[in-house]
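Only one structure is covered here, and it is reproduced in the block below.
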Amino acid sequence: MKEPDAKDREILGILSKEARIPLKTLAGRIGLSRSATSERVAQLEKAGVIRGYRADIGQMGEGLVCAFLLVTLVRTPSLGILDELARYPDVRRVSSVSGQLDLVVEVEVPSIDRLNTLRDLIASHQGVDDLTTAIVLRRDIERMAGREAYPHP
């Protein structure tokens, strides 16, 4: 595939926030025909730039156990582990990070037992070298993505 151009990046930006946007609406927002937009999306999917479409589930209620699974992989990249993690509804966010760790996996589960089960499933994946669990005791500061931390003067 050719290097993604500005229109491709615009498509990716919109789809990353609105994965279920109708193709007609997407095409209108980027200023291309439906067929041209559909072709670009198909090329991005074929090239593996778009690996899937996911629902971003909000907080479901009190009583959930939140934890970070700190994962070191056997080698990177390991796309197989990302596909596996995407299958678990308790996995809220996966971030690739620099340094000694490879992935930070944020999970929300209904119980410690479910956390242990999920942790064991992930740790047993052939691409995982090491996994450390950090349970969230409380959230002291939480901001919504896209908001500025400091107001403009």
Side-chain angles (χ1 to χ4, degrees), residues 1 4 6-26 29-30 37 40-153:
M1 180 184 162
K7 286 290 183 193
D8 291 332
R9 288 189 295 277
E10 195 173 352
I11 289 170
L12 294 171
I14 292 169
L15 288 178
S16 70
K17 294 181 182 94
E18 304 172 60
R20 293 178 47 107
I21 187 171
L23 190 59
K24 180 179 178 181
T25 306
L26 176 61
R29 292 210 357 223
I30 65 168
T37 302
R40 282 178 178 262
V41 170
Q43 287 174 351
L44 291 165
E45 289 171 341
K46 185 178 178 184
V49 176
I50 296 175
R51 294 188 304 229
Y53 299 85
R54 296 175 181 86
D56 183 7
I57 309 299
Q59 178 70 30
M60 296 191 308
E62 295 298 317
L64 293 176
V65 176
C66 301
F68 292 97
L69 306 180
L70 311 173
V71 179
T72 303
L73 299 173
V74 173
R75 70 177 167 277
T76 60
S78 180
L79 299 181
I81 188 69
L82 294 177
D83 291 338
E84 182 72 20
L85 292 170
R87 288 187 187 103
Y88 299 118
D90 298 325
V91 171
R92 301 292 305 233
R93 177 177 292 140
V94 179
S95 302
S96 295
V97 296
S98 62
Q100 291 183 322
L101 296 173
D102 295 303
L103 300 174
V104 175
V105 181
E106 186 174 350
V107 300
E108 288 185 351
V109 293
S111 67
I112 293 293
D113 285 341
R114 174 62 185 152
L115 177 60
N116 284 328
T117 300
L118 182 61
R119 182 189 188 289
D120 291 345
L121 287 168
I122 294 169
S124 66
H125 188 278
Q126 65 185 14
V128 173
D129 183 45
D130 189 45
L131 187 148
T132 302
T133 305
I135 295 174
V136 175
L137 300 176
R138 71 173 178 243
R139 295 195 188 270
D140 295 312
I141 298 173
E142 188 168 359
R143 292 192 177 104
M144 301 304 293
R147 294 190 170 214
E148 294 182 33
Y150 304 100
H152 287 292

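Predicted, not measured: the structure shown is a model, and the values here were computed from it. Only this structure's heavy atoms are used, side chains among them; waters, hydrogens and symmetry mates stay out.
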Query raised in the report: Just wondering, do Gln126 and Val74 contact through their side chains at under 4.5 Å, heavy atoms?
Result: no

Report task. Looking only at non-hydrogen atoms, find the nearest pair between Thr133 and Ala67 and report the distance. Result -> CG2-CB, 4.3 Å

Report task. Report the distance from atom CD1 of Ile11 to atom CD1 of Ile50, rounding to the nearest 0.5 Å. Result -> 7.5 Å

Query - Note, Val104 side chain near Leu70 side chain (heavy atom, < 4.5 Å) - result: yes

Requested in this report: Would you indicate whether the side-chain heavy atoms of Thr25 and Glu18 approach each other to under 4.5 Å?
Outcome: no

Requested in this report: With the side chain counted from C-beta on, respond yes when Ile122 and Tyr88 share a heavy-atom pair under 4.5 Å apart, and no when they do not.
Outcome: yes

**Report entry** Pairwise distance CD(Gln100) to CG(Asp130) - rounded to 0.5 angstrom
**Finding:** 10.5 Å

**Report entry** Backbone of Leu131 reached by a side-chain donor or acceptor of Arg119 within 3.5 Å
**Finding:** yes

Query raised in the report: Taking everything shown except Lys7 itself, do over 12 heavy atoms lie less than 6.0 Å from its NZ?
Result: yes

Report task. Measure the CZ-CD1 distance between Arg40 and Ile30 for me, rounded to the nearest 0.5 Å. Result -> 6.5 Å

Query raised in the report: Is there side-chain contact between Asp8 and Val49, with heavy atoms separated by less than 4.5 Å?
Result: no

Query - Set of side-chain contact (heavy atoms from CB on, under 4.5 Å) partners for Val94, sequence neighbours left out - result: Leu82, Leu85, Val91, Leu103, Val105

Query raised in the report: Do Leu115 and Ile135 come close enough that some side-chain heavy atom pair is under 4.5 Å?
Result: yes

Report summary line: Here the pair of heavy atoms bringing Gly13 nearest to Ser16 is O-OG, 2.9 Å

Requested in this report: Measure the spacing between CG of Asp90 and SG of Cys66 and express it to the nearest 0.5 Å.
Outcome: 11.0 Å

Query raised in the report: Less than 4.5 Å apart, any side-chain heavy atom of Leu101 and any of Thr72?
Result: yes

Report summary line: Closest non-hydrogen atoms of Arg114 and Ser111, given as atom of the first, atom of the second and distance, are N-OG, 3.0 Å

